[in-house]
Structure formats: structure tokens, C-alpha cells
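Step one of this worksheet: look at the structure below.
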Amino acid sequence: MRMVDIIEKKRDGQKLSKAEIEFFVKGVVDGSIPDYQASALLMAICLNGMDDEETLQLTQFMAASGDQIDLSPIPGIKVDKHSTGGVGDKTTLIIGPIVAACGAPVAKMSGRGLGHTGGTIDKLESIPGFRTELPTGEFINAVKAAGLAVVGQTGNLVPADKKLYALRDVTATVRSIPLIAASIMSKKLAAGADAIVLDVKVGSGAFMKTVDEAKKLAKAMVDIGNGAGRKTVAVITDMDKPLGNAVGNALEVKEAIEVLKGKGPEDITEVCLTLAGKMLELAGKGDFETCRKLAREAIDSRKALEKLKDMIKNQHGLPDVVSDTSLLPKAVHTLEYKAKDNGYIKSISSDILGVASMLLGAGRATKESTIDPAAGIVLLKKPGDKVSRGEPVLVLHANQADLFDASVREIERAVVISPDKPEMPPLILDMVE
Ligand code: URA
């Protein structure tokens, strides 16, 4: 088989065979296919697409390219959740404990943040002592003991995606539905869960800018999951505005604890109850409405909060942060950003807010950057709220006061005030089953 023939076939819009897709994935991983040929095929896929069968085969060969986690020693239906990335998205920190408190085991592998989007692993590492690198045996035992553990991806999980993603990033081939779907779902399949709930974000802070695009991506991923024998559903949620009020690692952990105490912002609580309800439904705990009620009860009874505490203890972190959030890292400097006009907050663009938070030290500009766990932004007003000139809209947190200027310049672009009350889209836009 020759790579040039495979590229030619896809260039002409033809369907690739299973053997050709396998040849491509294996050759990328063992280095026998040079980057220029791999990139040429990626561009051909980007332009001419892949059908459902090709996309499933690509995903399955990618999933099999490295370690595959065996969760079978953990009894019960293991349900995983994945969010396509957003700003202020701390849902895993809230949903994991809720689902575990309702009796469904959660064995989750999460990623780090890059650029303006945050990663769950960075958020958890802001808890003093918390370890996200557990040997597989300890990971499995932690889930068996507490019903919940969240760790970083092992180094050899889907090496095909590591290589392909790095090429896509520099060849303008990230925005392709079959490639995004295969990239995300290969990691989910390799991580071993029996069922998967996908939170597909749409809006300014997300990969998918329109509901239509998000639905297509959701359908492609749901088809892959079900085609691979894992029950999969997707919820399409709004990411035009940040989720919750906090952006930044320790600030988001604090907010997650508040949600688990029943005192968190309404928007994030709502999204978490829906996603947790879907996870519990897939875990066989009843129909969606029953499961949503179970999720609510886990918050009201503080059982979910106790699960978070157990998880922190098992992963060597300081469990007292749950009762005393002042033990989390705190920035030395804060600065209030005040409204420039009277009116209503029309929008706070979440992608720009993510950049502003990164500039304070909360995110990574490159893979090598270190992050400041205490840095970030807390919103005092959200889109739709009334404001008066001079009233604080948000508070910036940083350990170096000289970082404020660049961040404030971004925030000036992000916060838009209008004289009329804007219409707010619903948070849950659709579901794909
Ligand atoms: N996230 C991924 O893991 N892969 C993509 O291609 C896009 C988002």
C-alpha cells in the first residue's frame, strides 16, 4: 500500500477502506509516514470529509494506538463525561461527586488547559497536595473506595492523536468535524468507560460557533460512541457567556464547592444537574427526570460534597478545603473593573475573558508555560444584568500587579453594555441521543 494513493483517493472525494485507514494510523504512530504526507491527507479529509463508517474506523484505530484502560475491576456501569472545552467550565468538579454520591462509579481521565480554555487537572492541582498522577492500580482502588477519582491522561493514551493534533494545529486542519470527533472519541474509548455523556459547547468561547455546527459534531460523536458499543448521548450547551462566575483554577474550585453546598450560581448548577442526570440515566439509575431529582438530592443532602472530600483525601490533597475554602491559594492583588456606562450587560465574550484570565497567569500561552493557581477573574455581573456607570462588573486576581494592564485591555473588549435589556438564549440548547 502507498500513502500517495490514499491521499489521491481522498483528494478525489472517494471513501477510504478500513485497511487504508489502519495503514495511515499505524504509519503516523511508527513514523513510517512523513509529516508532509500525513498533513496532505488531513487536509483532504478536512475538505472532502469522511462518512460515518470511515470516521468510526479512524477513531477505533486511533484508540488502539496506545494504552487502553481496563476499568472492569470496578463493579457497575462506568459513565464518563466530556466537555468540548470552555471558559469557566468546572462541571467535572461538580458532576463527578454528584454522580458518585448517587451510586454510579466515576473513573475519569482529564486534560490540562491550553490557551484560553481551562483544564480540570490544573483546577484540581490548585488544591494543596492534590495528586493527579496516580498509578493505574491506585486509580482503580480510589474509584472502588470512594466511587470517584479524576487523574491526568497517561503519557501513552492515544499517541496517534498526539501526533495528528500537533500536525492539525499547524496545518489549519483542526476545524473538521470527522477529525475533531475522532480525536475526542478515541481518547474516550481508550479511557475505558461503558457509557459517555458529551457536553458540546456552542458560542464565542467554544470550538463550534453555531448550534448547527455543534449538532453535527454531537451527532458524529454520538454515532462513534454507539458504533463502538458505548452508550453515548450529547447535550448541547451555551458557551457564549462564561459558565458560573469564576474563571481561574483555585477560584473555580471554590465555586464548585459552593455549588455542591447548594449556594452556587444558577447557570452552572442547572448545566451540572442536566449532565449528571444524563450520566445517571446511562448508568441505569432511572429515567432522566428521576435521575435529575437524584442529582439535586445529592446536593441538598451534602452527600456530593462529602464525595468531593473523599476524592481529595484519596488523591493526597487537603480535604479541609471543602469546609474552609480560604485554604486554597489566594492572589495577593485584586482589581475591580467598573462599568463605563449605564445600561444592561449585553455580553461578556467568554473567549476574550479566557484570554484576560490567561494574561493574569491562570492559563498557558504555550504548553511549557507554568500557571498561577490563584490567578483569575470573578464576575459580579452577568449578561442580562442591569449596571450603573462606575459599578464593579468583575474582579481580577493576580499575584503580580503589573499583569493587570494587559488583562484590563482585553476585558474592555469583552464587556459590552447596551441601553436595552438583551434576550438571553437558553443554556441547554439541544440533546442528541
Ligand atoms: N479537542 C480535542 O481533543 N481534539 C480536537 O480535535 C478538538 C478539541
Side-chain angles (χ1 to χ4, degrees), residues 60 63-64 66-82 91-110 120-121 124 130-154 157-158 185-199 225-233 260 272-273 275-288 290-299 301-317 319 433:
Q60 287 180 313
D67 293 345
Q68 288 179 278
I69 312 298
D70 176 14
L71 297 180
S72 63
I74 303 165
I77 301 173
K78 278 77 65 184
V79 189
D80 199 352
K81 167 245 157 204
H82 179 82
T91 50
T92 295
L93 306 178
I94 300 163
I95 297 167
I98 292 177
V99 171
C102 297
V106 179
K108 184 145 181 54
M109 291 202 159
S110 284
T120 302
I121 291 303
L124 285 169
F130 196 95
R131 280 198 222 153
T132 57
E133 282 181 26
L134 296 186
T136 306
E138 200 179 326
F139 170 51
I140 303 265
N141 285 339
V143 181
K144 277 183 170 169
L148 164 73
V150 181
V151 296
Q153 280 168 13
T154 68
L157 197 86
V158 196
M185 290 304 289
S186 59
K187 289 173 282 198
K188 292 290 111 187
L189 299 186
D194 305 306
I196 302 158
V197 173
L198 300 162
D199 175 12
N226 290 323
R230 320 280 176 100
K231 265 195 261 170
T232 305
V233 301
L260 291 175
C272 287
L273 289 176
L275 293 170
K278 285 317 269 184
M279 286 177 76
L280 290 167
E281 187 186 1
L282 291 190
K285 300 289 177 192
D287 62 22
F288 176 61
T290 307
C291 290
R292 211 176 174 285
K293 276 197 201 117
L294 286 176
R296 177 90 251 175
E297 280 161 22
I299 294 182
S301 64
R302 301 269 171 123
K303 283 189 182 146
L305 190 70
E306 276 308 305
K307 278 288 166 201
L308 177 68
K309 198 169 176 181
D310 291 346
M311 176 180 87
I312 296 173
K313 215 183 297 168
N314 284 339
Q315 297 193 232
H316 311 276
E433 313 251 349

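What you are looking at is a predicted structure, and each value in this text was computed from that prediction instead of being measured.
Scanning both residues, Ala193 and Leu71, for their nearest heavy atoms gives N-CD1, 3.8 Å. Scanning all heavy atoms of the two residues, the minimum distance from Ala100 to Ala146 falls at CB-O, 4.4 Å. Nearest heavy-atom pair across Ala295 and Ala276 is CB-CB, 4.1 Å. Heavy atoms only, all atoms of each residue included: Ile140 and Pro73 are closest at CG2-CB, 4.0 Å.
No donor-acceptor pair under 3.5 Å is formed between the side chain of Lys187 and the backbone N or O of Leu157. Looking at Thr232, its side chain does come within 3.5 Å of a backbone N or O of Arg230 through a donor-acceptor pair. Between the Arg296 side chain and the Leu273 main chain, no donor and acceptor come within less than 3.5 Å of each other. Looking only at distances, no side-chain donor or acceptor of Gln60 sits under 3.5 Å from a matching main-chain atom of Ala228.
Of the residues listed (Thr92, Asp199, Leu93, Thr91), the one engaging Cys272 in a side chain to side chain contact (heavy atoms under 4.5 Å, CB included) is Thr91, and it is the only one.
Taking CG of Leu275 as the start and CG of Leu280 as the end, the distance is 11.0 Å to the nearest 0.5 Å.
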- prompt: Going through the checks in order, is the side chain to side chain contact (heavy atoms under 4.5 Å, CB included) test met by Val99 and Val79?
  reply: CA-CA 9 Å; Val99 171; Val79 189; 5.6 Å; no
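Scanning for side-chain hydrogen bond (donor to acceptor under 3.5 Å, both in side chains) contacts around Lys309 gives an empty result, with sequence neighbours left out. In terms of the salt bridge (Lys or Arg N to Asp or Glu O under 4.0 Å) criterion, residue partners of Asp194 (sequence neighbours excluded) are, by chain and number, Lys78. Applying the side-chain hydrogen bond (donor to acceptor under 3.5 Å, both in side chains) test to Ser110 and every residue at least two apart in sequence or in another chain returns nothing. Contacts of Lys188 classified as side-chain hydrogen bond (donor to acceptor under 3.5 Å, both in side chains), with partners at least two apart in sequence or in another chain: Asp80. Lys278 meets the side-chain hydrogen bond (donor to acceptor under 3.5 Å, both in side chains) test with Glu281, Glu433; sequence neighbours excluded.
Screening residues 133-152 for salt bridge (charged side-chain N to carboxylate O under 4.0 Å, His left out) gives no qualifying pairs among residues at least two apart or on separate chains.
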